[in-house]
Amino acid sequence: EDVRVYEFAEACGKSPAEVITVLFGLGMMVTKNDFLKQDELEILGEEFGIEVTVKDALEDANYVDDYEVEEVDDSNFVTRPPVVTIMGHVDHGKTSLLDKIRSSKVAKGEAGGITQHISAYTIEQNNQKITFVDTPGHAAFSAMRARGADVTDIVIIVVAADDGVMPQTEEVISHAKASGCPIIVAVNKMDKETANMDMVKAQMAEKEMTPVDWGGDIEFIGVSAHTGQGIDDLLENILLQAEILELQADPDAKAKATVVESLLEKGRGPVATVIVQNGTLRVGDNIVCDTTYGRVKAITNDMGKPVKELGLSETGNVLGLNDVPVAGSFMVAQNSDKEAREIATTRAEHARAKELSKSTKVSLEEMSGLIAEGKIKQLPVIIKTDVGGSLEAIKGSLEKIQNEEVKVKVIHAGVGGITESDLILASASEGCIILGFNVRPTGSVKQKAKADGIQINTYSIIYDLIDDIKDALSGMMTAVI
Ligand code: GDP
């Protein structure tokens, strides 16, 4: 049975605030009307010294899947290949680079199999595999992460050597940093006469992306998607990073894969492009994927060839689901057809119930209350302004009003309107508030923010903005003392 925060609090004689505070301290944002997830229930049980039994373990889809995987004993663990995402400003060569890497690394004789650009593929470098995913953009990348589907292990930021850092490069840096993945910078178009590696390094260093040879920790690799120059170097670096990450998974576990793309294909039905995160996905497996389910009818690999199975970090297209799954959802193998169908049905009902009881995330005032209790130390914000000058001024002022107890954490600051990309970034950082100065969200962005419970405050006077944040922070600073 589902239980809401206030119901749980009532049942164990605590106030809803106590429950919210415990979860908040652990980075989980809930309001009193939210349903508690199984992991939250377990944490609360431990925290309050109460035995919590969960009657229906199917309630929270993604959590249960993770839970089952965590049951696996790690003696079966083997090293798995890294999954890499490339992001960058438009026209800096993301697509060209993805295509060049693929065409130059594919086994001889198979090059003819490459007919079109695909959303994920696996290559081999020195007998070691690397899987590349083409996310439709950095917003999609963070949207996946917000859903808990952080399939990416390493992020490559591509910057054109002649153009340097552009507005979207800055956005990408924010998204990549927020992901916590190691970052490698590929400086593309090095074949061009106007290429200037030092300029790129200097601009990136300004964004706290300092190159290793300048005393920082970010590798910059010069490449050309046209000539292929530097690509081996880039791949070697990816493998090096992967080694440090010690990526491991169990090839014998129940298969769990992440859907990176999906579509309804004429004559073939729903097709899901997946990357296997654990176990081995086989033809004949009973699968459930969010609220869809089915039996794996066929798998084609990234070369379009039919295969019987997909191993760790491998990618391919899966046929056999009863409906098109959402990108970012997990595909998990189940013991039986019946089990798969039951889980999918329960989830569908659950989703409907949740839709009906949508509650908002924490507001600025509630946030102040929580900071006042010393439960959080940071107020994450995204700042958008009409011109660069005011951006710097606002950032500077916000940084000045913070003290040791509480501070504003600027997740992203940029010039331009408030976009869907900002919303996604905000929802990936718990409790994040979007501050607009002389910029407003469009109607659709506004609606989406409301639906997602993300607070957008817009201002036309800098002092108002600063005062609001000051109030939020200082009200609680005195309370802390
Ligand atoms: P995306 O928008 O980042 O995916 O960029 P594309 O891959 O579509 O590339 C944008 C443009 O830059 C195209 O005209 C490419 O031919 C060109 N381009 C990409 N990589 C290189 C490169 O290494 N050298 C040169 N000279 N041009 C490149």
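Ligands are counted one by one from 1 in listed order, and the atoms in each one are counted from 1 as well.
Using a 4.0 Å heavy-atom criterion, the residues that approach ligand 1 are His89, Val90, Asp91, His92, Gly93, Lys94, Thr95, Ser96, Asn188, Lys189, Asp191, Lys192, Ser224, Ala225, His226.
The nearest pair of heavy atoms linking Thr280 to Asp285 is O-OD2, 3.9 Å.
Residues forming a salt bridge (charged side-chain N to carboxylate O under 4.0 Å, His left out) with Glu314 (at least two apart in sequence, or on another chain): Lys129. Every residue two or more places apart in sequence or in another chain was checked for a ring-ring contact (aromatic ring centres under 6.0 Å, His included) with Phe220, and none qualifies.
Screening residues 174-191 for salt bridge (charged side-chain N to carboxylate O under 4.0 Å, His left out), with sequence neighbours left out, gives no hits.
At least one test fails for Lys384 against the ring of Phe437: distance under 6.0 Å to the centre or angle within 45° of the axis.
Asp153 and Gln241 share no side-chain donor-acceptor pair at under 3.5 Å.
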